[in-house]
Amino acid sequence: YIISIQNDTSKRFNSSFSNKTKKYKTIGNYLLTKVLGKGTFGKVFLGIESNKGNQVAIKVLEKSKIEKQEDFNRLCREIRILESLDHENV
C-alpha cells in the first residue's frame with residue numbers, strides 16, 4: 001500500500017503514459033490504471049510497477065482536503081496501522 005500526498009490536483013502525477021486506447025498517469029515507478037475507490041481525502045488507484053508488473057494499491061491524498069488537526073491525526077493513525085500489518089499481500 002503506497003500513500004502519496006499531493007499539494008494540488010494539477011501536480012498530482014509525475015508524467016503520463018499512452019497506449020493506443022488509454023492514457024495512464026504515473027507516480028514514481030507505478031502506472032495508475034484505474035480508480036479502486038474514493039474517500040474524504042482522495043482516491044485509491046490500482047498501480048502496476050513498471051519494471052516488475054506487481055499490482056499495488058496507491059492512495060493519492062489531496063493535501064488541501066486535510067483541513068483540521070483531527071484529519072491529520074486520522075491519516076497518521078491509518079499509516080501506523082498499515083505499517084504494522086505483516087501479510088504477504090499487503
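- Residue V35 is grouped with residue Y30 when hydrophobic side chains (ILVMFWY) are merged at heavy-atom distances under 4.5 angstrom, including chains of intermediate members.
- Taking each heavy atom of E67 and D71 in turn, the nearest pair found is N-OD2, 3.2 Å.
- Note that CD1 of I79 and NZ of K59 are 8.5 Å apart. Values are rounded to the nearest 0.5 Å.
- Atoms CG and CG, from L31 and L46 in turn, are 9.0 Å apart once rounded to the nearest 0.5 Å.
- What you find for S84 and I81 is that their closest heavy atoms are OG-O, 2.7 Å.
- Atom CD of residue E78 and atom CG of residue N73 lie 13.0 Å apart, to the nearest 0.5 angstrom.
- With rounding to the nearest 0.5 Å, the separation of CD in E62 from OG1 in T40 is 11.5 Å.
- For the atom pair T26 OG1 and L32 CG, the distance stands at 7.0 Å (nearest 0.5 Å).
- Taking each heavy atom of I66 and F41 in turn, the nearest pair found is CG1-CD2, 4.1 Å.
- Here the closest heavy-atom approach between residue L36 and residue A57 is recorded as CD1-CB, 4.5 Å.
- Taking CZ of R74 as the reference point, atom CZ of R77 lies at 8.0 Å (rounded to 0.5 Å).
- I58 and G47 make their closest contact through CD1-CA, 4.0 Å (heavy atoms, listed as atom of the first residue, atom of the second, distance).
- Within a 6.0 Å sphere centred on CG of N51, other residues, nucleotides and ligands contribute more than 12 heavy atoms.
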